[in-house]
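Owing to the predicted nature of the structure, the values given are computational and were not obtained by experimental measurement. Because only heavy atoms are used, hydrogens play no part in the values below, and waters and symmetry mates are left out as well, while side chains stay in. A, B, ... follow the sequence lines: proteins, then strands. Residue 1 opens every chain.
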Amino acid sequence: MIFRSLLAALALMFVMSTATADQRWQRVEAVTQALDNRVPELEGLSLELPLVAEDGSSVSLSVSFTGSLEDGEHIEKIRLFAPGNPRPEVADITLGPLASPANIATRIRLSETQQVVALAITNQDRAFLTTRDVRVTVSGCLVGGGDASAMAMANPRLALAGSARPGQPVTVRSLINHPMETGLRPDGQADDSIEQQLVESLTATLNDEPVLTARFFTGTSANPYLQFQLTPEEEGELKLAWQDQKGEQMEASQAIKF
Amino acid sequence: MTKSNFKNQGLNSSRRDLLKLMGAASALPLLGACSSLGGPASKDLSARVVVVGGGFGGATAAKYLKRNAPDLDVTLVEPNKVFYTCPFSNLVLAGMRTMDSISHNYNELRELGVRVVHTTAQDVDPVSRTVSLGDGSSIRYEKLLLSPGIDIRWNAIEGYDQAAAEQAPHAWKAGDQTRLLRRQIEAMDDGGVFVLTAPANPFRCPPGPYERASLVAHYLSQHKPRSKVLILDAKDNFSKQGLFMQGWKDVHGDRIEWVGLSGDGKVVRVDAGKREVETEFGTIHKASVLNVVPPQKAGFIADRAGVTNESGWVPVDPVTFESTQVKDIYVVGDATIAAPMPKSGFAANAQGKVAAAAIIAALEGQRPLEPSWANTCYSLINPEYGISVAAVYRIQEGLIHESSGGVSPSDANATFRKLEADYASGWYSAITQDTWGTRR
Ligand SMILES: Cc1cc2nc3c(=O)[nH]c(=O)nc-3n(C[C@H](O)[C@H](O)[C@H](O)COP(=O)(O)OP(=O)(O)OC[C@H]3O[C@@H](n4cnc5c(N)ncnc54)[C@H](O)[C@@H]3O)c2cc1C
């Protein structure tokens, strides 16, 4: 009897430990807050990151939705978290119907080996979540350039990979030079002598219709990079506008021609 | 800021000790110590071990298997009769060395009693434990060791396939590709641009592209002084970056231009016929000589053996270098995931010894020794100016960690730089003699 209950207890412990290994995200406050009591589906969202990152200061990440959606349902938000960083937020992306299919690539900072979390929320309030473990062998010490004069945005870049066709997705790439000073030192503490200076947001519009808005945080790499899919219905002008924490703005634009 | 910058602050003295330990030839005894077996095997070790690949990892493993367990039946499968090393092939490109001086052979291994078969391993069946060979025969093993190096990911960059490599060489495996690139550099017009494209991590020899750019610039400065070198890089940070940049400024002025990832340095399309590349944001660069160092993966035989994971590289147990996916298959060298150890010849040689010792221990029914490794990578800015990165690696919590290390001081004088350039030749002689027994 005693033996059997011991076995049962052991089995239970085993189940619990495997469950917690996969559901570490449940203990991340930033993630549970973003979920706001929604119960996420664990299939449908796909997250790609290298298994081993040899330079944590710039790790390529791509996230795409591969599940199925109802009629009229689209992915409205994608949020990325690196819970092992001093601050877990990486990027928040709001997608309009033109930014479909939901397929985003960016470059992130990882200060240590950890599980990265991606969350997607649809306009019908369904949530999808997925995680990915990354081993980091050289930390992306979350330190910027430190040179205050270099803290301005420069060289906004925008390009289409391929040609645009009506109703067909085309890949849009964007990049702006900026050190993304986190204000944190290698120990993860804030240092009062260093001011946090980030590119705060990127807004994309097509003929002034909203396409996508991205918010960047300390977990976004220096020189924020964002790639997304645009499915244009008409020709026009694709405009990107970046804004930094000081309120400065920079723009880039690209003609969409069929 | 990179890790090495951090390390520089606190670890100068330990780095100095390390360099003393590693100064040229003395580097190898340090490795020998970590793979010592405590005398030759006593039990009857007649098992059959097959080694695939006669490069840095495989030739070393075959040698140390046979040397430490003479009764072992060791077969080495390697298609080439002459092996050209990638290390020092950049010197060939710059006309500082001949191909002959970087060639090695398998005579010593044969003399030791290793059966050397010059063919390609085509497939591995881990159930029947057989390797099928290019000549149609097959060979059974009790333990298999793979050190196949890298294969190119053809078409990972649009337009860069095997045919394109005949016009825009990679020269990332030494041999005909090295000769081809050398001929192109020699035939280049004065005033031309040598364009080198460098891949994202991980790839063979992290400082290799930057040493190549340095030595090509050195050649150009002497023979085609109006020419330039342009590096288009898919990374913002690279190995020994601070030292390279400083060395370029000191020695090459503005001959070498480097464009990193955030400056639109990532190449996404190659037109080898036109010697033209296009970057992520649509800039077109025209080259007189185009050298594409492309994205890579483990040699194909690793895939066939089922030891690679989705990354295209091979996860291994860091204590033994046995595959974590298939029993009795050991993998060393560039094909493995051993970060933070770099994909270097030095590391492949050290891993070959660790795996050889682990195989003998397993056949004897003993536990493997816990290994530690050292790695030094020298790079030349020109014949008189060497820089290095050195590190010691140990196992912590089942993973490889760098336990100490650093790079050459940034304020060293010309004598020091010259000394490091000399150490580089000493290193080359020592490691190739240890691996193939050839004197160069
Ligand atoms: C330009 C350049 C400079 C470099 N400089 C240095 C340096 O200064 N220091 C340093 O430490 N490292 C240097 N390296 C790195 C070094 O070349 C590699 O890390 C090293 O060769 C790795 O050893 P390996 O055994 O994994 O592969 P390799 O040495 O490439 O050996 C692989 C062997 O396997 C054989 N093979 C492959 N597939 C099969 C098959 N199916 N059947 C049979 N045989 C097969 C191949 O023919 C080859 O001979 C440099 C590399 C480059 C490109």
Side-chain angles (χ1 to χ4, degrees), chain A residues 46 48-60 105 107 109 111-113 132 134-146 153-163 171-182 185-187 221-227 240 252 254, chain B residues 1-7 9 158 199-203 206 233-239 241 259-266 268-269 278-284 295 308-315 318 324 336-343 389 391 393 396-402 405:
Chain A
S46 134
E48 275 185 53
L49 279 154
L51 297 171
V52 180
E54 294 187 22
D55 176 6
S57 72
S58 174
V59 184
S60 299
R107 294 167 188 156
R109 285 170 166 151
S111 62
E112 59 181 40
T113 296
R132 178 97 178 182
V134 184
R135 180 167 184 232
V136 177
T137 58
V138 176
S139 164
C141 49
L142 302 176
V143 187
M153 295 185 290
N155 306 318
R157 295 183 206 265
L158 162 62
L160 302 185
S163 36
T171 301
V172 180
R173 298 185 179 127
S174 72
L175 175 77
I176 194 159
N177 291 143
H178 188 277
M180 296 290 278
E181 171 56 64
T182 60
R185 293 302 94 187
D187 58 4
S221 292
N223 310 305
Y225 174 88
L226 191 79
Q227 179 182 309
L240 264 54
Q254 163 82 43
Chain B
M1 180 184 273
T2 64
K3 188 174 188 179
S4 40
N5 290 347
F6 269 131
K7 298 226 143 198
Q9 291 156 14
E158 188 189 325
N201 294 318
F203 65 101
D233 207 328
K235 303 175 290 305
D236 273 326
N237 298 311
F238 63 85
S239 173
Q241 186 166 11
V259 180
L261 177 67
S262 57
D264 194 20
K266 181 178 174 182
V268 296
R269 191 178 60 82
E278 182 180 339
T279 61
E280 200 174 27
F281 289 96
T283 313
I284 308 271
T308 52
N309 69 16
E310 58 185 287
S311 70
W313 305 100
V314 180
T324 55
T336 63
I337 302 169
M341 281 186 95
K343 296 190 188 303
V389 56
Y393 303 92
Q396 275 170 29
E397 294 159 18
L399 294 169
I400 301 174
H401 283 268
E402 184 177 318

> Can you check side chain to side chain contact (heavy atoms under 4.5 Å, CB included) on S311(B) and V52(A), steps first, answer last?
Replying inline: CA-CA 9 Å; S311(B) 70; V52(A) 180; over 6 Å; no
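- In this structure, CD in E54(A) is found 15.5 Å from CZ in F238(B), a value given to the nearest 0.5 Å.
- Remark: L399(B) CG to T137(A) OG1 distance equals 11.0 Å, nearest 0.5 Å.
- Only the backbone of S174(A) comes within contact range of chain B, judged by heavy atoms closer than 4.5 Å.
- Here the straight-line distance linking atom CG of L51(A) with atom CH2 of W313(B) works out to 13.0 Å at 0.5 Å rounding.
- Of the atoms belonging to L175(A), heavy atoms from both backbone and side chain fall under 4.5 Å from chain B.
- Looking at L160(A), there are no atoms closer than 4.5 Å to chain B (heavy atoms on both sides), in backbone or side chain.
- Separating the CZ atom in R157(A) from the OG atom in S262(B) is a distance of 8.0 Å, to the nearest 0.5 Å.
- Under a 3.5 Å cut-off, the side chain of N155(A) and the backbone N or O of G263(B) do not form any donor-acceptor pair.
- For the pair R107(A)/L261(B), a side-chain contact is recorded, criterion being any heavy-atom separation below 4.5 Å from C-beta on.
- For D264(B), the parts lying under 4.5 angstrom from a heavy atom of chain A are both the backbone and the side chain.
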> Would R135(A) and E397(B) count as a salt bridge (Lys or Arg N to Asp or Glu O under 4.0 Å) if you check the C-alpha gap in whole Å, the side-chain angles of each, and the deciding distance to 0.1 Å?
Replying inline: CA-CA 13 Å; R135(A) 180 167 184 232; E397(B) 294 159 18; over 6 Å; no
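- For the atom pair CG of D55(A) and CG of D236(B), the computed distance is 8.5 Å after rounding to the nearest 0.5 Å.
- Remark: the N237(B) side chain and the S58(A) side chain contain no N/O donor-acceptor pair separated by less than 3.5 Å.
- Side-chain N or O atoms of R173(A) include one that pairs as donor or acceptor with a backbone N or O of E280(B) at under 3.5 Å.
- When heavy atoms are compared at a cutoff of 4.5 Å, E310(B) approaches chain A solely by way of its side chain, counted from C-beta outward.
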